Every structure is written in C-alpha cells, then in structure tokens.
Amino acid sequence: MNHEDLKKQNIKELRELEKTLPSNEEFEDYSDKLKALSDPTRLKILYLLGTDLKCTCSIQEVLDKPQSNISHHLKILKNAGFIESEKDGVWVYHKLKDPKLIELLNQIINIIK
C-alpha cells in the first residue's frame, strides 16, 4: 500500500472514529475539569479531603496558606464537581463527592511518573 492509499484509509477510519467521540461541548467540560486538577495545591486538597468532612480552616493550617487562597482552590474544585461543601454557621466543611477520585489520581500519577 502506498502512502496516498494509507493516508486515505487513515482519514476514513478517523472520520468514523470521530463520529463516536463526545461533542465539542463535552470535551470543553472535560478540559475544564482537568484544568481544575492541574494545580499542586488543589491536588493536595483532594488528597487531604478523602470522604470525611474537613473544615476550610484545618486545610488552611495544614497547607500553611492564607484562608482566601484555600477558599479559592476549594471553589474551583467545587465548581468542577469534585467536592461538596456544607456550611455550619461560620464554618464550611468539604469532602470528595466520589472517593474513587483518589484511586484515579493515583493511577494517573503512576502512569506519568
């Protein structure tokens, strides 16, 4: 098979594959969620949260960062759908929506090491 024939075959196969892919809007959403994971502080926060409720102030103290900084990162993680929050008076507690996220992060980190 010559180069032109191979190219045509590849294009045909790729066009068929493209029809099965998620929409551009879905890929945008996936990309936004992955961007939320692309910050070292946010990754640390996810590992710290686990399944139990953790107070913003506790996370702030452990990471030794200003409250405003931690709140900003928590908001990004919440908007991306990775965590949920509960307010109790002036205190806000957070936890992972799905604990399988840590398993997935561990798998990704092992692949990219």
Side-chain angles (χ1 to χ4, degrees):
M1 182 174 289
N2 67 34
H3 175 73
E4 279 303 312
D5 290 339
L6 183 58
K7 178 182 171 185
K8 287 177 185 176
Q9 180 181 338
N10 285 342
I11 290 171
K12 182 180 176 185
E13 290 171 1
L14 292 174
R15 288 192 195 282
E16 288 301 313
L17 176 60
E18 184 183 33
K19 292 175 186 175
T20 68
L21 296 176
S23 69
N24 287 341
E25 293 80 19
E26 289 171 303
F27 272 123
E28 285 290 329
D29 184 49
Y30 303 154
S31 177
D32 289 342
K33 289 176 190 277
L34 290 169
K35 286 175 192 173
L37 298 174
S38 69
D39 181 88
T41 299
R42 291 194 285 272
L43 285 174
K44 286 181 185 178
I45 289 171
L46 290 172
Y47 276 99
L48 292 175
L49 288 178
T51 56
D52 297 329
L53 290 171
K54 305 289 188 314
C55 180
T56 304
C57 58
S58 301
I59 298 166
Q60 170 193 346
E61 189 160 327
V62 168
L63 295 181
D64 193 29
K65 295 193 182 277
Q67 183 272 331
S68 60
N69 181 276
I70 296 301
S71 292
H72 171 74
H73 289 297
L74 287 165
K75 180 180 178 183
I76 291 170
L77 292 170
K78 185 175 181 180
N79 288 343
F82 295 123
I83 67 172
E84 52 193 15
S85 305
E86 294 179 19
K87 192 165 182 167
D88 183 15
V90 297
W91 307 105
V92 182
Y93 297 89
H94 315 274
K95 71 175 185 174
L96 292 178
K97 276 191 173 178
D98 188 341
K100 291 183 277 185
L101 178 60
I102 298 302
E103 293 173 33
L104 180 59
L105 288 174
N106 286 335
Q107 290 174 3
I108 291 170
I109 289 168
N110 284 329
I111 289 170
I112 63 174
K113 275 186 184 178

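Only a predicted model underlies this, so the values are computations on that prediction, with no experimental measurement involved. Along the sequence shown, residues are numbered consecutively beginning with 1.
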Check: [X] side chain, [Y] main-chain N or O, donor-acceptor pair, under 3.5 Å:
X     : Y     : result
Glu26 : Ser23 : yes
Asp88 : Trp91 : no
Lys54 : Leu49 : yes

Point-to-point distance, once rounded to the nearest 0.5 Å, from [atom1] of [X] to [atom2] of [Y]:
X     : Y     : atom1 : atom2 : value
Leu37 : Asp32 : CG    : CG    : 11.5 Å
Thr56 : Ile70 : OG1   : CD1   : 8.5 Å
Asn24 : Asp29 : CG    : CG    : 12.5 Å
Thr41 : Leu46 : OG1   : CG    : 11.0 Å
Lys8  : His3  : NZ    : NE2   : 11.0 Å
Leu17 : Thr20 : CG    : OG1   : 4.5 Å

Would a hydrophobic clustering, with Ile, Leu, Val, Met, Phe, Trp and Tyr connected at side-chain separations under 4.5 Å, put [X] with [Y]?
X      : Y      : result
Leu104 : Ile109 : no
Leu53  : Ile102 : no
Tyr30  : Leu21  : yes
Val90  : Tyr93  : yes
Leu101 : Ile45  : yes

* To do: Count the heavy atoms belonging to other residues, nucleotides or ligands that lie under 6.0 Å from CD of Glu13, then report whether that count exceeds 12.
  => yes

* Asked: In this structure, are over 12 heavy atoms from other groups packed under 6.0 Å from Asp64 atom CG?
  -> no

* Asked: Can you check side-chain hydrogen bond (donor to acceptor under 3.5 Å, both in side chains) on Glu103 and Gln107, steps first, answer last?
  -> CA-CA 6 Å; Glu103 293 173 33; Gln107 290 174 3; 5.4 Å; no

Which side-chain N or O atoms in residues 71-84 pair as donor and acceptor under 3.5 Å with protein atoms at least two apart or in another chain?
| unit_1 | atom_1 | unit_2 | atom_2 | d |
| --- | --- | --- | --- | --- |
| Ser71 | OG | Gln67 | O | 3.1 |
| Ser71 | OG | Gln67 | NE2 | 2.6 |
| His73 | ND1 | Arg42 | NH1 | 3.0 |
| His73 | NE2 | Asn69 | OD1 | 3.4 |
| Asn79 | ND2 | Lys75 | O | 3.4 |

* Asked: Will you find, in the side chains of Asn106 and Tyr47, an N or O donor that is under 3.5 Å from an N or O acceptor?
  -> yes

* Residues which pass salt bridge (Lys or Arg N to Asp or Glu O under 4.0 Å) with Lys12, listed by chain and number, not counting sequence neighbours -> none

* Residues in salt bridge (Lys or Arg N to Asp or Glu O under 4.0 Å) contact with Glu4, at least two apart in sequence or another chain -> none

* In terms of side-chain geometry, is the basic nitrogen of Lys19 or Glu16 positioned less than 4.0 Å from the acidic oxygen of its partner? -> yes

* Minimum heavy-atom distance between Gly89 and Lys87, given as atom pair plus value -> O-CE, 3.0 Å

